J.: 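Can you keep this structure in mind? I'll have questions shortly.
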Protein chains: 2
Amino acid sequence: MKQTVGMGKASVTTARRPGRPVGGQLEVGREQVLDAAERVIAREGAGASIDAVAQEAGVTKPIVYDRVGGRADLADALAERLSDRMVSASAAAMATEPALTKESLTRFIEASLEVVGQHRNLFLYVTGGTTDQTALGRLTLAERSTTPMTSVLAQWRTGLGQDPDVARAWAFGIVGMLQMVSLWWLTQDERPAASVAAQISELLWHGLPGPNTPS
Amino acid sequence: MKQTVGMGKASVTTARRPGRPVGGQLEVGREQVLDAAERVIAREGAGASIDAVAQEAGVTKPIVYDRVGGRADLADALAERLSDRMVSASAAAMATEPALTKESLTRFIEASLEVVGQHRNLFLYVTGGTTDQTALGRLTLAERSTTPMTSVLAQWRTGLGQDPDVARAWAFGIVGMLQMVSLWWLTQDERPAASVAAQISELLWHGLPGPNTPS
DNA sequence: GAACGAAAGTTACCAATAGTAAGTAATCTG
DNA sequence: CAGATTACTTACTATTGGTAACTTTCGTTC
């Protein structure tokens, strides 16, 4: 009975079948719509329309609106997914050495860059603004990433005997730095991620004057 | 003969007058269209349409396309203007002390934040993506700001006997940090710009471990 | 001084797309 | 079997980016 859902574009195989038992399961859930959105965006670029997403999911537009919401909500949900991947990849990269060092920071940055490189179009979609509204999609991606970073930074600063109040501003700053560097690297720079990561790590760890100037 | 141009919305006073001498002057030039765009965006938010811009300039849509180009070009041109203002404000803030110090860095950041605060909607428009295309509007704003910064950083690093090759990556990183911090400050943080500027300056100057850890 | 042609603009349109209202089919409940 | 409920789809509206085609004016040429 269940029409083939496996790989998108199932719309041809079976006729749609509106109307289900009162307590029945939904044909296509929120997660599957988001999966479809990621596929479309990966394939066709950041300009993918809601209609294209619906078609890829094998449903019609109102379903997308029911499951996910409008375009801004879609970008928001995808931003959550992407930032979750970045956070976990970064956490994995630093797992071998939980202490924060220059080396682990470099691995953290490189891991972030690589996730962005693997989801190039998704990154552009998510950071590309939500058309009419303000650039809150970008803020969502940022906030999702800053939240864990803020607590890490605050704890670490406290351990060093430094003021932890800077943590939130620093977290936003670092995420913004990474976003812009990612965008630049993705569209203009040809070097390997490790090279860029090392340079950014150098800045974030030693500061502008560099290591020879203890100040 | 020349219809009143002074304050936008002049469309009511005089009928349009198509057709001018062969070598004649244009009724409304590119700069005036951009001025109108800034007024509309400042007044009505980042969702302003091309039509609204045209109306504000007292012309019709095709004129906007002739003078400026499409929506992406408009965002691009406005990004140039905004970044020029930021660059010159920052330069003015650092003028008293041309050497790069932590204090001048703080003033640089604060000046940037204040320009953004004065052009809130314009900043959101410019950084809010160009709808269909990739987020090149943001890159324009970034590149315009990074170009002078890159040379300053490279020179400075050379003077310190450090590797100047990091300059370009650093410049993009710093601009991205400032953009994200601006967005955060603009939409979520209530503190005065000076306070945020001091914290970011601290990070950029001393690095994550802070001043007590020369390393 | 009438015909012509180049500018400079406007009107009117097209296409894409976000979002929604109304209609329809299948199932459950009494 | 009748009505309520649910889960969709079809079909529509509205907005807006972008463009083609037409119109008006004015200098130029014969």
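Treat the numbers as computed from the prediction; the structure is a model and nothing was measured. When reading the values below, keep in mind they use all heavy atoms of this one structure, side chains included, and skip hydrogens, waters and symmetry mates. So you know, we letter chains A, B, ... as the sequences are listed, proteins then strands, and number each from 1.
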J.: Rounded to the Å, how far apart are B:Ile63 CD1 and D:dT19 C1'?
T.: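 Going from CD1 in B:Ile63 over to C1' in D:dT19 covers 13 Å.
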J.: Looking at D:dG17, C:dT11, C:dG19, which one has an atom nearest to any side-chain atom of B:Lys61?
T.: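 Closest nucleotide among those given: D:dG17.
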J.: Of the listed nucleotides (D:dT19, C:dA21, D:dG17), which one gets closest to any side-chain atom of A:Pro62?
T.: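 Per side-chain heavy atoms of A:Pro62, the pick is C:dA21.
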J.: Just jot down the side-chain hydrogen bond (donor to acceptor under 3.5 Å, both in side chains) partners of B:Ser112, sequence neighbours excluded, or say none.
T.: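 For B:Ser112 the side-chain hydrogen bond (donor to acceptor under 3.5 Å, both in side chains) partners, ignoring immediate neighbours, are B:Ser90.
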J.: Could you tell me the separation between the CG atom of B:Asp51 and the P atom of D:dA14, rounded to a whole number of Å?
T.: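 Spelled out: CG on B:Asp51 to P on D:dA14 is 17 Å.
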J.: Classify the side-chain pair A:Gln188/B:Arg168 by whether it contains a donor and acceptor separated by less than 3.5 Å.
T.: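 No, because no side-chain N or O of A:Gln188 sits under 3.5 Å from a partner of the opposite role on B:Arg168.
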J.: Nearest-Å distance, CD1 (B:Ile50) to P (C:dA16)?
T.: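 One finds 19 Å between P of C:dA16 and CD1 of B:Ile50, rounded.
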J.: Can you find a side chain N or O atom of A:Arg71 that sits less than 4.0 Å from OP1 or OP2 on D:dT15?
T.: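 The answer is no; no side-chain N or O of A:Arg71 sits under 4.0 Å from OP1 or OP2.
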J.: At less than 4.0 Å, is any side-chain N or O atom of B:Arg67 found next to OP1 or OP2 of C:dG9? Yes or no.
T.: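 Answer yes for this pair, as a side-chain N or O of B:Arg67 is under 4.0 Å from OP1 or OP2.
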J.: Send over the distance from B:Asp66 CG to D:dG17 P, rounded to a whole Å.
T.: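 After rounding, the gap between these two atoms is 18 Å.
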J.: Are any non-hydrogen side-chain atoms of B:Leu203 and A:Ile174 less than 4.5 angstrom apart?
T.: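 Yes. Closest side-chain heavy atoms under 4.5 Å.
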J.: By salt bridge (charged side-chain N to carboxylate O under 4.0 Å, His left out), which residues pair with A:Arg81, not counting sequence neighbours?
T.: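 Testing A:Arg81 for salt bridge (charged side-chain N to carboxylate O under 4.0 Å, His left out), a comparison that skips the adjacent residues, returns A:Glu31, A:Asp35, A:Glu38.
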J.: Looking at D:dT10, C:dG9, C:dT20, which one has an atom nearest to any side-chain atom of A:Tyr65?
T.: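 Taking heavy atoms from C-beta onward, the closest nucleotide is C:dT20.
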